[in-house]
Amino acid sequence: MRIMRHLPDPVLRQKAKRVRAIDSSIQQLIDDMVETMQQANGVGLAAPQVGVPLRVIVLQMPGEEPIVIINPKMVKRAGEREVTEGCLSVPGYAGEIKRSISVTVKGQGRQGKAIRLKGTGLMAQALEHELDHLKGILYIDHIESQDKLHKIEPEAEDGRM
Ligand code: NI
């Protein structure tokens, strides 16, 4: 487990750096990120959210195994839809924003092997959200008007990213 960083922690606005050596500290970071995401009933987490400005993300769709991507890069995005979204680093809020319907991301798996991943629906949304985190962007930056951001109750906070 690691401590979740919340807005306005400046680490959330930093640009994350590329991972050069996938060593034991990165493996520990990944284990801690998966545990931290699961503990919060989240569906995704980016390393800056636990205070580490490196290009590492983890995702876990409901009922599926966790996915790890090191040095992820967006290669394709298609379509647009409005979604409701919440972020583990912005507790107590949810908002409506536009996300792609499908995205393709490439990067490295946890042992460094090249991977390419296509996601649709919630998976595409989570991939875009986590890649935004690596650029210091939060979903609230995509909110078009005040009425698209709402306060939510703690019990409605599952499925954030
Ligand atoms: Ni987030």
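Both counts, for ligands and for their atoms, begin at 1 and track the order of listing.
- Taking CE from Met161 and CG from Leu127, the interatomic distance works out to 9.5 Å, rounded to the nearest 0.5 Å.
- In terms of distance to the Ni ion (ligand 1), the nearest N, O or S atom of His133 is named NE2.
- Here Arg99 pairs with Glu85 in a salt bridge; the nearest charged N to carboxylate O distance falls below 4.0 Å.
- At a cut-off of 2.8 Å, Met161 is counted among the residues with an N, O or S atom near the Ni ion (ligand 1).
- A donor-acceptor contact closer than 3.5 angstrom is absent between the side chains of Asp31 and Gln27.
- Minimum-distance N/O/S atom of His129 relative to the Ni ion (ligand 1): NE2.
- Checked by atom type, the side-chain pair Gln60/Glu65 shows no donor-acceptor distance below 3.5 Å.
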